[in-house]
Amino acid sequence: MTNQVLLDPSNSIYSSDEDYRPDESLFAIYHSTQSTAAPRNFIGALPIELLLAIFMHLYRSSRRLTQTGETWRLNDPLSSLFPYAPAAVCSMWCSVLSRVPEFWTRVVIRVDSQYTQSQDIRRYFEWSRNLHLDVIITRNRDEFEGVDMKEKSKVFKATRELVRHIERCRSIRFNVMYSSSLPSILHDFHRETAPHLHTLKLKCKVDDGGSPPRKLVHWSFDAPGLRHLYLDARNFFDVCVDRNNWLRRLHKLNSLSVSRHRQFSAKGIDLYKLLKAVEESPSLAHLELKDLHFSRLRPWTTVNDISIDILSMNLEDLSGEVLSEIIGYVDSAPDTTRISRCSITTCHHSLISSGVAFRGLSANQDLMAPLAHWRGHTLSLIDCACFHDDFLRDMMDGGPHDQSFACKGVKELYLVNCTKFSPRLLKTMVRKRRKLARRSIFWINDQETLDWTFPIVAPITLISVEGGPTLFKKDREWFETNLGSFHWDEQVLDRSFEDSGDSDHDRIELIH
């Protein structure tokens, strides 16, 4: 029996019965497949109305609701992507799909071994008519290893076709292997206008040196609605540093990511110039710096004229001892700071975020360096071998008169794949801090204390452990009885780190 929901016009992308009229050419396509001389098959025998209903259902299931409206889902594998997968079934299905422009507003261009031909790219843009577009230029997730000497030429051809339709683009995402394959915003987008563009993401897996730096005195790329910008370091320095600073003109920019610059010579990128450019962004709320190599060409410690005001910060794989410098230039108190695989031991500035997350820190790192005077309430540690009993002892040590505690404001503790600590010592630390907190302020339920400020030390009210050491039944019972929220799972999680996108605050994960 036919599913009536699929055939209900109210479930289609069209607003009324009058709009829901298939192109008459679709019926000609259908009848041309019904030759009496050829055996009928199920695919060729499906009525056009039913095909359209099925495709409408697939279309809607490929979409998702966000805070800003409906958009394409971006985590589907390339092999099953709509409308490309059904269009490959047979020429009739492809012809039917090509008559509905809404289906082609997500233009996916592959630049791997199964790369999209230029004529197909042009067809996709043509089939979308004049509708707004989300364009993705990417590789299959299994093809980011090995060598692809032709990737740059494939990306160049795709970019050339993209630029011809950039005025219709809502989002543009590149996800390629090499930095040298990425387009040059300075040249490829020069003098272009993208009035509907809200997301521009240039992402690569490997920095192979990129293209030689270039400058244009009067460069312009007009994207007044851009909210999310993710650039490799070379493109960022081409268009956002010195007098060309594009960030000054992006008045709606909410999140910025700068990534991928490794050491090919003694010269790295200038941290001062990068942060100075970031400071000039009029509306930036979220900053991400990833996989960057800096050079100390100037005495950073003598520079004190930078003040960055943001809501969250994500720092990953930064070389050298730049963490302290970066933290020192952030004057506001971000809601969250995430630090992954960076050197923290020499950090002489205390973190000021309300929530701090560390990931992938080795055993020789000193967590107390950035946390000793930290006053935030949520601490998360993922795959951190440096979280051990010495850190717990430091959290218990309030000085001679219990008046000076490290991490005095911590109320919530999240641990993932941290096994180098004693559950019994964790219990002792929690018990002591709760006892001292109750001396100054009495409470019955931990929920009451969420927004309270404690003069000496805050009570630990939440502990969540995934992949932790063995917890004895008696200790588990104590935690469950005394804490407002408690969870402990001893199974180690297989949580391979992925690019945060990744930290993308509108959750715009690229298709790999």
Side-chain angles (χ1 to χ4, degrees), residues 74 77-79 81 84-85 87-88 104 106-128 133-169 171-192 194 197 199-216 219 221 223 229-239 257-262 264-265 291 499 501 510-512:
L74 295 175
L78 293 178
S79 58
L81 209 61
Y84 304 95
W104 301 94
R106 173 174 59 179
V107 178
V108 178
I109 303 169
R110 293 182 61 168
V111 290
D112 50 27
S113 62
Q114 304 296 319
Y115 66 94
T116 309
Q117 299 287 341
S118 295
Q119 60 267 29
D120 291 326
I121 299 174
R122 288 191 285 271
R123 288 193 192 104
Y124 301 158
F125 282 119
E126 177 185 346
W127 291 343
S128 65
L133 301 171
D134 298 294
V135 181
I136 302 170
I137 298 174
T138 187
R139 304 178 67 90
N140 189 54
R141 66 178 64 191
D142 297 329
E143 296 200 36
F144 278 87
E145 303 296 336
V147 178
D148 186 352
M149 302 302 293
K150 296 183 179 180
E151 184 189 60
K152 184 174 183 177
S153 64
K154 289 180 283 190
V155 174
F156 174 79
K157 292 176 183 178
T159 303
R160 183 177 55 192
E161 300 297 335
L162 157 67
V163 169
R164 292 171 181 167
H165 302 272
I166 199 167
E167 289 188 352
R168 295 196 283 137
C169 290
S171 64
I172 300 172
R173 298 178 174 90
F174 287 81
N175 188 24
V176 300
M177 189 181 299
Y178 305 116
S179 60
S180 59
S181 299
L182 291 171
S184 166
I185 295 183
L186 191 66
H187 285 262
D188 295 327
F189 295 170
H190 179 42
R191 294 180 179 173
E192 298 294 342
L197 189 65
T199 298
L200 176 61
K201 185 166 187 175
L202 274 60
K203 177 182 174 183
C204 63
K205 181 178 180 182
V206 177
D207 178 19
D208 62 345
S211 302
R214 295 173 286 184
K215 285 289 182 182
L216 287 177
W219 176 80
F221 174 35
L229 178 62
Y230 306 86
L231 297 178
D232 64 297
R234 290 177 178 82
N235 265 304
F236 178 84
F237 271 77
D238 278 348
V239 299
S257 173
V258 184
S259 65
R260 296 290 187 266
H261 188 285
R262 302 314 300 163
F264 290 95
S265 65
D291 191 25
D499 284 339
L510 269 174
I511 298 175
H512 290 290

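Note that the coordinates shown come from a computational prediction; the quantities given were computed from them, not determined experimentally.
- Atom CG in L197 sits 11.5 Å away from atom CD in E192 (nearest 0.5 Å).
- Rounded to the nearest 0.5 Å, atoms CD1 (I109) and NZ (K157) are 13.0 Å apart.
- With contacts defined as side-chain heavy-atom distances shorter than 4.5 Å, the pair R173/T199 qualifies.
- The OG atom of S171 sits 11.0 Å away from atom NZ of K201, with the distance rounded to the nearest 0.5 Å.
- Judged by distance alone, the side chain of Y84 and the main-chain N or O of V108 form a donor-acceptor pair under 3.5 Å.
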Evaluate the criterion side chain to side chain contact (heavy atoms under 4.5 Å, CB included) for residue pair V147 and M149; output intermediate values, then yes/no. CA-CA 6 Å; V147 178; M149 302 302 293; 3.5 Å; yes
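- The aromatic rings of F189 and F221 lie tilted to each other, with the angle between the two planes from 30° to 60°.
- Side chains of L81 and R106 form a contact here, defined as non-hydrogen atoms less than 4.5 Å apart.
- Looking at S259 and K203, their side chains never come closer than 4.5 Å, going by heavy atoms from C-beta outward.
- Put simply, NE2 on H261 and CG on D207 are 6.0 Å apart, with the number rounded to the nearest 0.5 Å.
- Between R139 and V111 there is a side-chain heavy-atom pair separated by less than 4.5 Å.
- Taking the six-membered ring for Trp and thresholds of 30 and 60 degrees, W104 and Y124 have nearly parallel ring planes, at less than 30 degrees apart.
- Interatomic distance, L200 CG to L231 CG, rounded to the nearest 0.5 Å: 6.0 Å.
- L78 has its side chain within reach of R110: a pair of non-hydrogen atoms, C-beta onward, lies under 4.5 Å apart.
- The two residues V155 and S181 have their closest heavy-atom pair at CG1-O, 3.1 Å.
- Between the side chain of N235 and the backbone N or O of P183 there is at least one donor-acceptor pair closer than 3.5 Å.
- S79 and A85 get closest at one heavy-atom pair: O-CB, 3.7 Å.
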Would you please test L133 and H165 for side chain to side chain contact (heavy atoms under 4.5 Å, CB included) and show each step? CA-CA 9 Å; L133 301 171; H165 302 272; 4.3 Å; yes
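- Within the 4.5 Å cutoff, side-chain heavy atoms of K154 are placed close to those of D148.
- With contacts defined as side-chain heavy-atom distances shorter than 4.5 Å, the pair N175/I136 does not qualify.
- Salt bridge annotation for D291-R260: present, with a cationic side-chain nitrogen under 4.0 angstrom from a carboxylate oxygen.
- S118 and E161 are not linked by any side-chain donor-acceptor pair at a separation below 3.5 angstrom, with hydrogens and angles left out of the test.
- One distance of note links CZ of R234 with CG of L186; it measures 14.5 Å at 0.5 Å rounding.
- Put simply, the side chain of I172 reaches to within 4.5 Å of the side chain of I166, judged on heavy atoms.
- Of the candidates D232, L202, D238, L202 is the only one forming a side-chain contact (heavy atoms from CB on, under 4.5 Å) with I185.
- The two residues G146 and M177 make their nearest non-hydrogen contact at O-SD, 3.7 Å.
- Here the shortest heavy-atom pairing between F125 and R168 reads O-NH2, 3.3 Å.
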